[in-house]
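Remember, predicted model here, so these are calculated numbers, not experimental data.
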Amino acid sequence: MKRATMVQPSSTFVNINKKNLWVSLAIAVLSLCFVPINVSAAVRRHPPQQHHLSRKPSPKLRFGRNGEFKILQVADMHYADGKTTPCEDVLPSQVDGCSDLNTTAFIHRMIEAEKPNFIIFTGDNIYGFDSKDSAKSMDAAFAPAIAARIPWAAVLGIHDQEGTLSREGVMKHIVGLNHTLSQFNPSELHVIDGFGNYNLEVGGVEGSDFVNKSILNLYFVDSGDYSTVPAIPGYGWIKPSQQLWFQRTSAKLRRAYMSPPNAQKSSAPGLVYFHIPLPEVASFDSTNFTGVRQEDIGSASVNSGFFTTLVEAGDVKAVFTGHDHVNDFCGQLTGIQLCYGGGFGYHAYGKAGWPRRARVVVASLEKTEEGGWGTVKSIKTWKRLDDKHLTAIDGEVLWSKKHTGTRRKKHINGSPA
């Protein structure tokens, strides 16, 4: 998102009314039926498509031998033309020499500090309007992940398609880049809204009993850009076709996880990534989230019911979005954590003196009685600031097998105990 209305963290929040959610859902469905700084070097939405891109088999994601799988979330880079693209909303002393290259340097620093197993870019990866060549901008934006040979994936935001490529063209370009696990759309479906709806499975540790089983499921969804329904203003939303795909995929993964060999009693935990936050995010206030809220929630003006779909599926433990750059909080609602990544890019709007930031998520495995690695026991998160020390803040446990439904946090170097 390019610019938003700032609010104080103590402002009054909108409470979600269940009746209104169902009314909003009915309206949506009915409508659808009709239609540090100075670095010197370091077509709106198309109709559902009837074709897919063929890809070579991707390397399988799996937990490391340390029993962990670490994900780096990069939200809202707003990359344009590199060193000629100026920074926005930085201190006067930081303006000179500040450009897209600061964003690039921040990614390099995060990769070096955290050594993630996987990187996810959650939309507005480029700011198409300011980009002379969308393909070249994407090549530069994703270059640090590609150079590090780290598996990565991306979803689209609201600005990626505003340059020389359509929304479909942007996703096709992303899918063709090196080391990406991004997918254009599910190969088994011929009709689905948006571009970039897919899932990835994370296998157990090599040599463990779960080496051939997905013990962590990652879902990626195109949350759209702007409404294409004249009667509904504002941003896009996750459509019924996408929700149906998610339901079927979640159910299929649950059956596989609960089937031999090593049949489990419940679903493997799932994480969901998309750009535009859900309307339910507005239900939080400063008493029930970790982080800060400094601007209005930029969700769709209708509620398409995707949060209810997630709750009903039962496997999703956390949702991660971007879009609202100076919000960076996580809050739990009905057993699901709803988290912002926090603004990352220097050409994106921000708040002078409030450092750009990135979110890290780590899933950790439990030990079996035989001393090997088992299934996921906990999911933790923290953020790092692009300051002198890459300061880690707001460490917390998002989900724990032994403490399901509880919320624990402990600030020790940003990471929870």
Side-chain angles (χ1 to χ4, degrees), residues 1-9 11 13-14 16 71-78 89 103 106 110 119-125 154-159 219-221 223 235 237-238 271-300 306-307 310 316-333 336-346 348-351 354-362 379-386 391-399 407 409 414:
M1 194 163 63
K2 187 64 177 175
R3 176 61 60 184
T5 302
M6 301 295 181
V7 298
Q8 296 299 318
S11 62
F13 293 82
V14 180
I16 298 297
I71 302 171
L72 169 62
Q73 180 189 0
V74 176
D76 298 274
M77 289 189 291
H78 280 232
D89 296 330
T103 302
F106 187 19
M110 287 299 301
I119 303 174
I120 171 63
F121 298 89
T122 50
D124 283 1
N125 308 301
V155 293
L156 302 182
I158 65 171
H159 295 304
Y219 303 94
F220 307 89
V221 185
S223 55
Y235 297 115
W237 56 88
I238 296 170
L271 306 177
V272 185
Y273 290 88
F274 50 88
H275 183 70
I276 300 174
L278 297 172
E280 285 81 1
V281 175
S283 67
F284 298 117
D285 60 35
S286 59
T287 67
N288 58 8
F289 66 65
T290 299
V292 297
R293 173 179 170 172
Q294 301 177 111
E295 62 177 299
D296 294 333
I297 307 302
S299 60
F306 189 48
F307 181 75
L310 296 176
V316 173
K317 309 307 177 188
V319 172
F320 301 93
T321 61
H323 192 59
D324 301 331
H325 305 178
V326 294
N327 292 340
D328 73 350
F329 62 83
C330 281
Q332 187 185 84
L333 183 64
I336 297 178
Q337 299 280 354
L338 302 177
C339 298
Y340 280 105
F344 191 101
Y346 279 87
Y349 78 82
K351 185 177 181 180
W354 193 73
R356 266 60 176 184
R357 57 204 58 212
R359 181 172 293 281
V360 178
V361 172
V362 176
I379 300 172
K380 304 175 184 179
T381 188
W382 59 88
K383 291 164 292 193
R384 283 194 182 271
L385 310 182
D386 192 21
T391 304
I393 63 170
D394 294 342
E396 60 180 312
V397 178
L398 295 178
W399 174 81
R407 183 174 184 80
K409 62 180 180 178

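Scanning all heavy atoms of the two residues, the minimum distance from Gly342 to Ala75 falls at O-CB, 3.7 Å. Among all heavy-atom pairs drawn from Tyr235 and Ala300, the shortest one is O-CB, 3.7 Å. Between Ala392 and Trp382 the shortest heavy-atom distance is CB-CD1, 4.2 Å. In terms of heavy-atom proximity, Asp324 sits nearest to Pro277 at OD2-CG, 3.6 Å.
In this structure, CG in Leu333 is found 7.0 Å from CD in Glu280, a value given to the nearest 0.5 Å. Going from atom CG of Asp386 over to atom CZ of Phe106 covers 4.5 Å, rounded to the nearest 0.5 Å. Distance check: Lys383 NZ to Thr290 OG1 gives 7.5 Å after rounding to the nearest 0.5 Å. For the atom pair OH of Tyr349 and CD of Glu295, the computed distance is 3.0 Å after rounding to the nearest 0.5 Å.
Contact annotation: the side chain of Glu396 approaches that of Thr381 to within less than 4.5 Å [non-hydrogen atoms, C-beta and beyond]. Two residues are said to be in side-chain contact when any heavy atoms from C-beta on lie closer than 4.5 Å; Lys351 and Asp89 fail this criterion. Put simply, the side chain of Arg359 reaches to within 4.5 Å of the side chain of Cys330, judged on heavy atoms.
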Please lay out, stage by stage, how Tyr346 and Arg356 fare under the test side-chain contact (heavy atoms from CB on, under 4.5 Å). CA-CA 7 Å; Tyr346 279 87; Arg356 266 60 176 184; 4.1 Å; yes
Between Asp124 and His275, does the side-chain contact (heavy atoms from CB on, under 4.5 Å) criterion hold? Intermediate values first, please. CA-CA 8 Å; Asp124 283 1; His275 183 70; 3.4 Å; yes
Taking it one step at a time, do His323 and Ile158 satisfy side-chain contact (heavy atoms from CB on, under 4.5 Å)? CA-CA 8 Å; His323 192 59; Ile158 65 171; 3.7 Å; yes
Would Met110 and Val360 count as a side-chain contact (heavy atoms from CB on, under 4.5 Å) here? Give the steps. CA-CA 9 Å; Met110 287 299 301; Val360 178; 3.9 Å; yes
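The ring-ring contact (aromatic ring centres under 6.0 Å, His included) check on Phe121 picks up Phe142, Trp152, with sequence neighbours excluded. Scanning for side chain to side chain contact (heavy atoms under 4.5 Å, CB included) contacts around Val319 gives Val272, Phe274, Leu310, Val316, Thr321, Ile336, Leu338, with sequence neighbours left out. Under the side-chain hydrogen bond (donor to acceptor under 3.5 Å, both in side chains) criterion, Tyr219 pairs with Asp315, not counting sequence neighbours.
Classification of the Phe329-Phe289 ring pair by plane angle, with boundaries at 30° and 60°, yields parallel.
Partner Asn327 forms a side-chain contact (heavy atoms from CB on, under 4.5 Å) with one of Val281, Val292, Ile297, Asp296 and no other, that one being Ile297.
Although no hydrogens or angles enter the test, the distance criterion places no donor-acceptor pair under 3.5 Å between the side chain of Asp76 and the main chain of Phe344.
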